[in-house]
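Reading through the structure tokens given below for one structure.
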Amino acid sequence: MYIAITFLFALLALLLVFWGGKILVGGNWLLGFIRGSIGILLLGGALLIVLVAADIYSYRNLAKEHNVGTVSFEKLGDQHFRAKFADQDGMAQHFELRGDQWQLDARMLKWKGPLARWGIQPAYRLDRLSGRYLTLRDERDKERSVYQLRESDYGVDIWRTLRDVDNQLPFVDAVYGSATFLPMGDGAVYEVRISHTGLLARPLNQQATSALDEWQ
């Protein structure tokens, strides 16, 4: 579905490039300033549409609940862990997290109005992995760790733009889907799944289960 949306954006951008180029090179330039300004605006609009399409393409279709990856931990010291996040495609990233608990965040685009009635499913992109301390004093005084899992390319971030305008558009909402903070433990492995309501993490081994039992 999002490949089709990206294709439509690309087609619109090509049309704007065609019209903009035609305006810039056509005529006898008697109305050069107006003609040039309109042409440049069209070409600029085409470039912006291409960048928006590229940003939307970085999101995944969310038709039903499914696994997005696993998070595993190796203890390096007191409140200091090496975290490994392996996504559903098998790509792994390593981070050093400080604290007692971890959380994974995802950005979500939820379509509404006619787009939702047409059957366009929500989209998501994994966003951040972070650590948190249990006590307010530690949270205030000790080193904190937050890592971006994916950045928007070329400086265009449609999700952030929607958040900045307070989601006032009638056809889409930009929201966070966050897994509940869960304890880090040496050797603990968690599965992370996503649904229309957000992220959910579950223990996959005894170390993770034991860490949960101690925390609760």
- request: Would you please test Phe95 and Val71 for side chain to side chain contact (heavy atoms under 4.5 Å, CB included) and show each step?
  value: CA-CA 11 Å; Phe95 310 94; Val71 184; over 6 Å; no
query: Just how far is it from atom OG of Ser178 to atom CG of Leu200, taken to the nearest 0.5 Å?
result: 12.5 Å
- prompt: Quick check: does any side chain N or O of Gln103 sit under 3.5 Å from a backbone N or O of Ala179, one acting as donor and the other as acceptor?
  reply: yes
- prompt: Are Leu97 and Leu212 grouped together when hydrophobic residues (ILVMFWY) are joined by side-chain heavy atoms under 4.5 angstrom apart?
  reply: yes
statement: Distance col, row Asp100:CG vs Leu182:CG, nearest 0.5 angstrom, shows 13.0 Å
query: Does the side chain of Trp159 come within less than 4.5 Å of Tyr59's, by heavy atoms?
result: yes
task: Consider only side-chain heavy atoms of I, L, V, M, F, W and Y, link residues closer than 4.5 Å, and tell whether Val175 and Val192 are in one cluster.
output: yes
query: How many angstroms lie between CG in Leu109 and CZ in Arg125, if you round to the nearest 0.5 Å?
result: 9.0 Å
message: Please give me the minimum heavy-atom distance between Ala208 and Pro203, naming the atom from each residue.
response: CB-CB, 3.6 Å
Minimal non-hydrogen separation, Trp102 against Ala201, with atom names: CH2-CB, 3.8 Å
message: Quick one, Tyr190 and Leu104 - any side-chain contact, counting heavy atoms below 4.5 Å?
response: no
query: Would you say the side-chain atoms of His196 pair up with the backbone N or O of Lys110, donor to acceptor, closer than 3.5 Å?
result: no
- request: Output the distance between atom NE2 (His94) and atom OH (Tyr147), rounded to the nearest 0.5 Å.
  value: 12.5 Å
- prompt: Sub-3.5 Å donor-acceptor pair from the side chain of Arg82 to the main-chain atoms of Leu76, do we have one?
  reply: no
Closest contact, heavy atoms only, Asn61 versus Gln121: OD1-CB, 3.2 Å
message: Can you give me the closest heavy-atom contact between Leu199 and Gly177, atom names plus distance?
response: CD1-O, 3.4 Å
If you look only at distance, which donor and acceptor atoms sit under 3.5 Å apart when one is on a side chain in residues 127-134 and the other is two or more places apart or in another chain?
residue: Asp127; atom: OD1; partner: Arg107; partner atom: NE; Å: 3.3
residue: Asp127; atom: OD1; partner: Gln148; partner atom: NE2; Å: 3.1
residue: Asp127; atom: OD2; partner: Tyr176; partner atom: OH; Å: 3.0
residue: Arg128; atom: NE; partner: Asp105; partner atom: OD2; Å: 3.2
residue: Arg128; atom: NH2; partner: Asp105; partner atom: OD2; Å: 3.1
residue: Arg132; atom: NE; partner: Gln101; partner atom: OE1; Å: 3.1
residue: Arg132; atom: NH2; partner: Gln101; partner atom: OE1; Å: 2.7
residue: Tyr133; atom: OH; partner: Glu143; partner atom: O; Å: 2.4

field: Sidechain-backbone polar pair: His66 side chain, Lys64 backbone, donor-acceptor under 3.5 Å
entry: yes
message: Set out, in order, the CA-CA distance, both residues' side-chain angles and the distance that settles side chain to side chain contact (heavy atoms under 4.5 Å, CB included) for Arg98 and Gln79, then state yes or no.
response: CA-CA 6 Å; Arg98 302 278 182 170; Gln79 297 178 309; over 6 Å; no
message: Determine whether Lys75 and Met184 satisfy the following criterion, side chain to side chain contact (heavy atoms under 4.5 Å, CB included), listing intermediate values before the conclusion.
response: CA-CA 8 Å; Lys75 189 170 184 178; Met184 293 184 280; over 6 Å; no
field: Contact summary for Phe81 and Gly99, nearest pair of heavy atoms
entry: CE1-O, 3.8 Å
task: Output the distance between atom CG (Asn67) and atom CG (Asp87), rounded to the nearest 0.5 Å.
output: 9.5 Å
- request: To the nearest 0.5 Å, tell me how far Met108 CE sits from Arg60 CZ.
  value: 14.0 Å
field: Donor-acceptor under 3.5 Å (Asp89 side chain, Met91 main chain)
entry: no
task: Would you check if Val68 and Arg193 make a side-chain contact, meaning some heavy-atom pair closer than 4.5 Å?
output: no
- prompt: How close do Leu62 and Ser195 get, heavy atom to heavy atom, and via which atoms?
  reply: CD2-O, 3.3 Å
query: With no hydrogens and no angle check, is any side-chain donor or acceptor of Asp173 less than 3.5 Å from a backbone partner on Lys112?
result: no
